[in-house]
Amino acid sequence: MPELPEVEVVRRGLERWVAGRVVADVQVLHPRAVRRHIAGAEDFGARLREHRIGLVQRRGKYLWLPLADNRSAVLAHLGMSGQLLVQPQDAPDEKHLRIRIGFDDDLGTELRFVDQRTFGGLSLHGTTPDGLPDVIAHIARDPLDPLFDDAAFHEALRRRRTTVKRALLDQSLISGVGNIYADEALWRARLHYERPTTGFTRPRTAELLGHVRDVMNAALAVGGTSFDSLYVNVNGESGYFDRSLDAYGREGEPCRRCGTPMRRRPWMNRSSYFCPRCQRPPRVVS
DNA sequence: GCTGTGACCTGAACGC
DNA sequence: TGCGTTCAGGTCACAG
């Protein structure tokens, strides 16, 4: 499932193959794919037509295509299974094709939003003075953003009465981290997912952020090599998604540090993978 | 205001 | 073979 590195790969692909093109027509094939566009599918298409796509931006797992000639942007979230593909116009429709965007040029390609589980979607929104879609103003900067404020993140962590994995997944504190990279970063930092954040020291926060950035940069480095001219890829099943993971999905396999079998625990309707020896659970305070 | 929980959704994997 | 169940997880609405 797409997390920040995958979304960044998509952003780069869109920047190269879609930015600067003028929308000719929009076809919404599944209403749920534009459910965040309150005015509905017809309005979504009408507002896009004849507008030029500007430079593609990203924050965390959201990316957006600004309309170059007005103060609005097409906001995209890939959810768990979304893909944005640049395909030849005559290519067969994908099974889960939800939205098709055609362009007013002779390049012969179109933008397709394909999404099996329909957790993702596109919508059109006004932008703030600094170009951010207004509906994601609450989303924090991501740790690869040069303007991410490490000190402010540390203070926010200490103020929260929560645990470290919850905090990593809270997009209002830090964006772009999903279940996989949270487990990976916690394994690297030797932190149990239920560790309370209130007692975090500055060095501990700094170390954790360092591991989050390392994991994301490593995935980005691999992912960045795998899309070609016609395929703006966020395919969860192929290529760079086979990145080497140290924690996620390794239940029963030996910890790559100490050899202890890795464990999986149900957690918030998800799973948490950890090493019971390297990542000791916090002592329960009664 | 802050924190935690469940619904949404589809298809693969699994058990019987 | 076929059916039912479980699991995957990002976001948001809602409850406490």
Side-chain angles (χ1 to χ4, degrees), chain A residues 1-8 10 28-38 58-64 75-84 93-99 113-123 125 133-140 142-143 153 155-186 193-198 200 212 215-216 219 234-238 241-243 245 247-252 262-274 282 285:
Chain A
M1 54 300 299
E3 297 191 33
L4 185 151
E6 288 78 10
V7 178
E8 174 60 19
V10 173
V28 176
L29 302 164
H30 195 306
R32 193 173 146 79
V34 291
R35 67 191 180 284
R36 293 188 182 95
H37 188 83
I38 305 301
R58 180 189 58 75
R59 175 172 285 193
K61 290 173 245 184
Y62 286 94
L63 55 83
W64 63 96
L75 181 66
H77 196 289
L78 301 173
M80 291 181 57
S81 54
Q83 293 171 274
L84 280 163
D93 286 0
E94 291 75 11
K95 184 176 177 186
H96 301 293
L97 177 62
R98 309 305 190 192
I99 301 172
F113 179 69
V114 176
D115 191 10
Q116 178 205 105
R117 298 185 197 175
T118 67
F119 274 44
L122 307 185
S123 49
H125 303 279
D134 47 21
V135 293
I136 60 164
H138 65 291
I139 299 290
D142 62 67
F153 175 69
E155 294 306 322
L157 265 192
R158 288 181 57 88
R159 276 197 303 273
R160 290 285 175 107
R161 276 198 286 274
T162 190
T163 49
V164 62
K165 187 169 174 183
R166 280 184 188 280
L168 286 178
L169 296 183
D170 185 337
Q171 305 293 303
S172 68
L173 284 178
I174 181 173
S175 65
V177 184
N179 199 43
I180 297 172
Y181 293 125
D183 279 2
E184 292 300 306
L186 290 172
Y193 58 94
E194 293 284 27
R195 174 80 56 185
T197 59
T198 48
F200 267 44
V212 170
V215 168
M216 287 184 168
V234 57
N235 186 337
E237 296 168 352
S238 65
F241 205 72
D242 293 337
R243 66 179 92 79
L245 298 172
Y248 184 83
R250 299 195 65 244
E251 182 183 21
M262 300 287 290
R263 287 196 187 152
R264 178 178 77 92
R265 287 285 178 273
W267 181 84
M268 278 180 70
N269 292 325
R270 289 160 178 72
S271 292
S272 275
Y273 296 88
F274 66 106
V285 179

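Numbered from 1 within each chain, the chains take letters A, B, ... in sequence-line order. Every heavy atom of this structure was used, including side-chain atoms; hydrogens, water molecules and symmetry mates were not.
- Among the nucleotides B/dT5, B/dG6, B/dT10, the one closest to the side chain of A/Arg166 is B/dT5.
- Between the CG atom of A/Leu157 and the P atom of B/dC2 there is a distance of 15 Å, rounded to whole Å.
- Side chain to side chain, A/Thr118 and A/Arg32 meet the donor-acceptor criterion of an N or O pair below 3.5 Å.
- When the C1' atom of B/dG6 is taken as reference, atom CZ of A/Arg270 falls 10 Å away, rounded to whole Å.
- We find that CG of A/Asp183 is positioned 10 Å from P of C/dG10, with the value rounded to whole Å.
- You'll find that the side chain of A/Arg32 is closest to B/dC8, out of B/dC8, C/dG10, C/dA8.
- Nearest to the side-chain atoms of A/His77 among the listed nucleotides B/dT3, C/dC12, C/dG10 stands C/dG10.
- Per the geometry, CG belonging to A/Leu63 stands 12 Å off P belonging to C/dT11, to the nearest Å.
- In the model, A/Arg264 has a side-chain atom that pairs as donor or acceptor with a side-chain atom of A/Ser271 under 3.5 Å.
- In this structure, of B/dG4, C/dG10, C/dC12, it is C/dG10 that holds the atom nearest to the side chain of A/Asn179.
- Between the CG atom of A/Leu173 and the P atom of C/dT11 there is a distance of 13 Å, given to the nearest Å.
- With rounding to whole Å, A/Arg35 atom CZ is found 8 Å from B/dC8 atom C1'.
- Contacts of A/Arg264 with the nucleic acid, taken as non-hydrogen atoms under 4.0 Å apart, involve only primed sugar atoms and P, OP1 or OP2.
- Rounded to an integer number of Å, the gap from A/Met80 CE to B/dC8 C1' is 11 Å.
- Set against B/dG6, C/dG10, C/dA8, the side chain of A/Tyr273 has C/dA8 as its closest nucleotide.
- The A/Arg117 side chain lies nearest to B/dC9 when the options are B/dT5, B/dC9, C/dT11.
- In this structure, the nucleotide among B/dG6, C/dC12, B/dT3 sitting nearest to the side chain of A/Asn269 is B/dG6.
- Of all nucleotides listed (C/dA8, B/dG4, B/dG11), B/dG11 comes nearest to the side chain of A/Lys95.
- Spacing between atom CD of A/Gln171 and atom P of B/dC2 amounts to 18 Å, rounded to whole angstrom units.
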